[in-house]
There are 2 protein chains.
Amino acid sequence: MAADPSGETCALREVLALIGDKWSAQVLVQLGTGPRRFTELERTIEGISRRMLTLSLRNLERNGLVLRTVYPDSPPRVEYATTPLIEEIIEPLEALADWAKRSRPAVAAARRAYDDRQFAVARQ
Amino acid sequence: MAADPSGETCALREVLALIGDKWSAQVLVQLGTGPRRFTELERTIEGISRRMLTLSLRNLERNGLVLRTVYPDSPPRVEYATTPLIEEIIEPLEALADWAKRSRPAVAAARRAYDDRQFAVARQ
DNA sequence: CAGAATCCGGGCCGATACTG
DNA sequence: CAGTATCGGCCCGGATTCTG
C-alpha cells in the first residue's frame with residue numbers, strides 16, 4: 001500500500017505551509033469580509049506585531065492569496081484584498097473554526113481528564 | 001466594531017494550536033482511514049521521527065482527538081484510533097487538502113510571478 | 001501611514017542513544 | 001515493539017528602532 005496514493009497528506013502539508021503559521025489564517029479571515037488597510041488589520045488582529053503582519057501579508061501575496069494595492073497618496077495608502085484563490089479556501093477554514101467552537105467543551109474536558117490521569121500516575 | 005464578534009479567528013487559533021504543527025494533521029488523516037499501530041504510523045508518515053510521532057500522538061490524545069489502547073502483549077502492542085471528535089474534523093481537513101490540490105498550479109504561478117517581479121526590481 | 005532593519009530568546013524539531 | 005532521555009541547531013516571532 002502506498003503511503004499517500006492520492007496525495008492527501010502531501011496536500012495538507014502544502015496548505016499548512018501556506019497558512020499554518022501563527023497569523024496568516026486570521027489575516028485571510030479578516031480579508032474575507034472585505035478589503036483592509038495595513039493599520040486596520042494591525043488593530044483588528046489582536047496581538048500581532050507590525051513585523052509579523054508585514055511578513056504574513058508578503059507571504060500571502062507571494063502565493064497569490066492576497067492582492068496588494070498601493071495608492072499614490074500622501075500619507076501612503078495600501079489596501080489588501082482577497083484574490084479568487086482565497087475565496088475557495090475561506091469556506092473550509094470557517095468549517096474548521098466552526099468545529100473548534102463546537103468542540104471546545106469536549107476538548108477542554110478531554111484535557112482535564114488527561115491531566116488528572118497524569119497527576120494520579122505522578123503521585124502514586 | 002468588535003475585533004472578532006463571533007470568535008472566528010479565535011477559534012481558528014485554537015484549531016491551529018491543536019493540529020497546526022508539522023505532523024498532527026497527517027497523523028489525523030492516517031487514522032481517519034482506520035486504527036494504526038505506532039510503527040505503522042512511523043512507516044506511513046514519511047520523514048517523521050519517533051520522537052515527533054510520540055509527541056504528536058500524546059498531544060492529540062490529550063486533546064481528545066486520538067484514543068490510545070495498550071494491549072498487554074509481549075512484544076508490546078499499542079493501537080491508535082480516532083475518537084468521535086475527530087470524525088467531524090476530518091471532512092474540513094480534506095476540503096483544505098482538496099483546495100491545495102486544485103490550487104497547486106495557480107499558487108506556483110503566482111509564486112513565480114512574484115519572484116520574477118522581485119528579481120526585476122533587484123537588478124534594476 | 002506603511003513599512004524595513006536589527007537583535008535576540010524560546011521552542012520546535014531532528015539526531016542519537018538507551019529501555020522494558 | 002513502543003517508547004524515553006538528552007543534546008543541539010535553526011527559525012519563528014516579539015521588541016525596538018529607524019524611514020519615506
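By convention in this document, chain letters (A, B, ...) are assigned in the order of the sequence lines, proteins followed by strands, and residues within each chain are numbered from 1.
- For the pair B/Arg77 CZ and D/dA2 P, the interatomic distance rounds to 9 Å; values are reported in whole Å.
- You can see that DNA chain C meets the heavy atoms of chain A within a 4.0 Å-exclusive cut from C/dC1 to C/dT6, reading 5' to 3'.
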Atom pairs, protein N/O to nucleotides 18-20 of chain D N/O, distance under 3.5 Å:
none

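- We find that CD of B/Glu61 is positioned 14 Å from C1' of D/dA2, with the value rounded to whole Å.
- Each end of the helix from C/dC1-D/dG20 to C/dG20-D/dC1 gets its own axis from five base pairs, and the two axes differ in direction by 50°, given to 10 degrees.
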Report, one pair per line, the protein and nucleotides 9-14 of chain D atoms (nitrogen or oxygen only) whose separation is under 3.5 Å.
residue, atom, partner, partner atom, Å
D/dG13, OP1, A/Lys22, N, 3.2
D/dG13, N7, A/Arg51, NH2, 2.6
D/dG14, OP1, A/Lys22, NZ, 2.8
D/dG14, N7, A/Arg51, NE, 3.4
D/dG14, O6, A/Arg51, NE, 3.0

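- In this structure, B/Leu53 places its CG atom 10 Å from P of D/dA2, rounding to the nearest Å.
- Phosphate contact (OP1/OP2 of D/dA2, side-chain N/O of B/Arg37, threshold under 4.0 Å): present.
- Contact annotation: the side chain of A/Leu28 approaches that of A/Val66 to within less than 4.5 Å [non-hydrogen atoms, C-beta and beyond].
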Q: Please lay out, stage by stage, how B/Asp116 and B/Tyr114 fare under the test side-chain contact (heavy atoms from CB on, under 4.5 Å).
A: CA-CA 5 Å; B/Asp116 285 352; B/Tyr114 183 92; over 6 Å; no
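- No option in A/Leu53, A/Ile19, A/Leu65 other than A/Leu53 meets the side-chain contact (heavy atoms from CB on, under 4.5 Å) test with A/Val27.
- B/Val70 and B/Leu60 fall within a single hydrophobic cluster, where Ile, Leu, Val, Met, Phe, Trp and Tyr are joined by side-chain heavy atoms under 4.5 Å apart, directly or via other members.
- For A/Leu16, the side-chain contact (heavy atoms from CB on, under 4.5 Å) partners are B/Ala25, not counting sequence neighbours.
- Residue B/Cys10 forms a side-chain contact (heavy atoms from CB on, under 4.5 Å) with just one option from A/Arg104, A/Lys101, A/Glu46, and that option is A/Arg104.
- At a threshold of 4.0 angstrom between heavy atoms, the contacts of A/Tyr80 are confined to the sugar-phosphate backbone, with no base atom among them.
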Q) Step by step, would you call B/Ser24 with B/Leu18 a side-chain contact (heavy atoms from CB on, under 4.5 Å)? A) CA-CA 8 Å; B/Ser24 294; B/Leu18 290 181; over 6 Å; no
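- Here the side chains of A/Pro76 and A/Arg37 are not in contact, with every heavy-atom distance at 4.5 Å or above.
- Taking the side chain as every heavy atom from C-beta outward, A/Arg112 and A/Asp115 never approach each other to under 4.5 Å.
- You'll find the side chain of A/Trp23 reaches within 4.5 Å of the side chain of B/Arg13, heavy atoms only.
- No side-chain donor from either of A/Arg36 and A/Thr39 sits under 3.5 Å from a side-chain acceptor of the other.
- Donor-acceptor pairing under 3.5 Å is recorded for the side chains of A/Tyr80 and A/Arg68.
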Return a table of donor-acceptor pairs under 3.5 angstrom between the side chains of residues 84-96 of chain A and protein atoms on other chains or two or more places apart.
residue, atom, partner, partner atom, Å
A/Glu87, OE2, A/Thr82, OG1, 3.1
A/Glu88, OE1, B/Arg102, NH2, 2.9

